[in-house]
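Computed from heavy atoms alone, side chains included, the values below leave out hydrogens, waters and symmetry copies.
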Amino acid sequence: MPTKPHPQEGWNSKLDEIHDQLVSSVEALVSGDEWRRALEFAGRFRTRSFNNTMLICWQHEAAYRRGQVPEPSPTQVAGFKQWQSFGRRVLAGQSGYMILAPRTARFATSSPTDPTSWRRLERNERPRPGEVVRPRMIGVRPAYVWDVSQTDGIPLPALPKPRLLSGEAPVGLWDGLADIVRDEGYRLTTVEASTLNGANGVTDFGARLVEVRADMDAAAQAKTLAHELAHIRMHDPTTDAVRHRGIGEVEAESVALMIASAHGMDTSDYTIPYVSTWATSVKDRTPVEVVQDTGERVRRAAVAILDRLPTAQTGAADPWNLEHPSPVRQIDASTTMPAPPADVRELRSRSLR
């Protein structure tokens, strides 16, 4: 009697294809001066992982070269049914962009604080009396999204685009960043340039003090404060977050760039070294791995800060953000969840690196 093939049988080849595309896109990033552009992409697609952002942009550019889409950069992406929910349909002949989506399962325990006590529930299995049930990511699978240019139907509202004069900072940005700095337990002050030895800003972890030059325009001060806040959130020397000083500066400047970009600020003067100069500087890691890790750390840090700022920001490039004022939490291949079984960790490392 014939049996229906399990979806997993076709997933491995698709995951290999996604892996090859991801490596190709990141290798192109490593070999060129494309880091700023990658961050601007990540800023617009900030509800998705850095890996999925690179996959979307790489495949969209390929579709543009084939003449299938009108612009080289994607604008808004969603799944097939999500577009239908917005009154739009995918045009005939338009191929979706493969990304990594989660596979989840239910786990139960009567002792939630004991990580070894969780057991996986079978399909339709009910927990025992008194057990707590939580979903866990157990792997990844291929999924598909389409850009709005590959659909037609009901027009979508235009994404907000803040416009600023040269040297002007967005309303509330400095105060919002300053509040987060203080919530982290740091004092903030503006000082004369002569006290900073040529720097625009300095974070003193020991004294719990952030200093920013007082003689800069408002936009430059806000950018500098975002940079120092990134150091606070990512590079506290009392934790294991400090890995490589050069990459630490890249991460802080990259977070500041994403925050500025989300507020419509000019990012052309951001001084981030060529990718090849820092992506090849970490021992025992390939440049592709370094770029992926750095990109995801930067995205997560920037999104966490942006979510706390009471400012007008450009909309994320997911159409549901037009109706939801708060970002919709999505689970993708980079979402932090409880540790999966050992046999799944091998699949994840093969697929995501």
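Checking side-chain atoms of R46 against main-chain N and O of A262 turns up no donor-acceptor pair under 3.5 Å. With hydrogens and angles ignored, the 3.5 Å screen pairs no side-chain donor or acceptor of E61 with any backbone N or O of W58. A donor-acceptor pair under 3.5 Å is absent between the side-chain atoms of W174 and the main chain of A218, judged by distance alone. Put simply, the side chain of S261 never gets that close to the backbone of M258: no donor and acceptor are under 3.5 Å apart. Judged by distance alone, the side chain of E253 and the main-chain N or O of I272 form no donor-acceptor pair under 3.5 Å.
Side chains of E71 and H60: no donor on one and acceptor on the other come within 3.5 Å. Counted by atom type alone, D147 and Q76 present zero donor-acceptor pairs between their side chains at under 3.5 Å. When only modelled atom types and interatomic distance are considered, H263 and T314 share no side-chain donor-acceptor pair under 3.5 Å. Donor-acceptor pairing under 3.5 Å is lacking for the side chains of S194 and E192. A side-chain donor from one of T109 and S117 sits under 3.5 Å from a side-chain acceptor of the other. At a cut-off of 3.5 Å, with distance as the only test, a side-chain donor of E251 or H235 sits close to an acceptor on the other residue.
When all heavy atoms of G79 and V145 are compared, the closest pair comes out as N-CG1, 4.2 Å. Taking all atoms of both residues into account, the shortest heavy-atom contact from L196 to N200 is CD1-O, 3.8 Å. Between Y97 and A63, the shortest heavy-atom contact is OH-CB, 3.9 Å. Considering every non-hydrogen atom in both I56 and P74, the closest pair reads CG2-CG, 4.2 Å. When every heavy atom of I99 is checked against every heavy atom of L55, the shortest pair comes out as CA-CD1, 4.2 Å. In terms of heavy atoms, K223 sits closest to A256 at O-CB, 3.8 Å.
Ring-plane geometry between Y144 and W146 is classed as tilted, the angle between the planes lying from 30 to 60 degrees on a 0 to 90 degree scale. Using a 30° and 60° split on the angle between ring planes, F45 and F41 fall in the tilted class, from 30° to 60°.
Atom CZ of residue R44 and atom SG of residue C57 lie 7.0 Å apart, to the nearest 0.5 angstrom. Residue L306 holds its CG atom at 11.0 Å from CZ of R299, rounded to the nearest 0.5 Å. Between atom OG of residue S110 and atom CZ of residue R128 there is a gap of 8.0 Å, rounded to the nearest 0.5 Å. Rounding to the nearest 0.5 Å places CZ of R37 at 13.0 Å from OG1 of T267.
Ion pair E131/R119 flagged as a salt bridge, since at least one NZ, NE, NH1 or NH2 atom sits closer than 4.0 Å to an Asp/Glu carboxylate oxygen. Between D152 and R89, at least one side-chain nitrogen of the basic residue sits less than 4.0 Å from a carboxylate oxygen of the acidic one, meeting the salt-bridge criterion. Ion pair D179/R308 not flagged as a salt bridge, since none of the NZ, NE, NH1 or NH2 atoms sits closer than 4.0 Å to an Asp/Glu carboxylate oxygen.
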| request: Step by step, work out the side-chain hydrogen bond (donor to acceptor under 3.5 Å, both in side chains) result for W35 and S254. | output: CA-CA 9 Å; W35 184 247; S254 297; 2.8 Å; yes

| task | Apply the test side-chain hydrogen bond (donor to acceptor under 3.5 Å, both in side chains) to residues T189 and E211: give CA-CA distance (whole Å), side-chain angles for both, the deciding distance (0.1 Å), then the verdict. | result | CA-CA 5 Å; T189 184; E211 297 176 313; over 6 Å; no

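Linking ILVMFWY residues whenever their side-chain heavy atoms come closer than 4.5 Å, directly or via other members, places F50 and I247 in the same cluster. L121 and M137 sit in two unconnected hydrophobic clusters of ILVMFWY residues. Membership requires side-chain heavy atoms under 4.5 Å apart, directly or through other members.
Judged by a 6.0 Å distance limit and a 45° cone about the ring axis, R134 is not positioned over the six-membered ring of F107.
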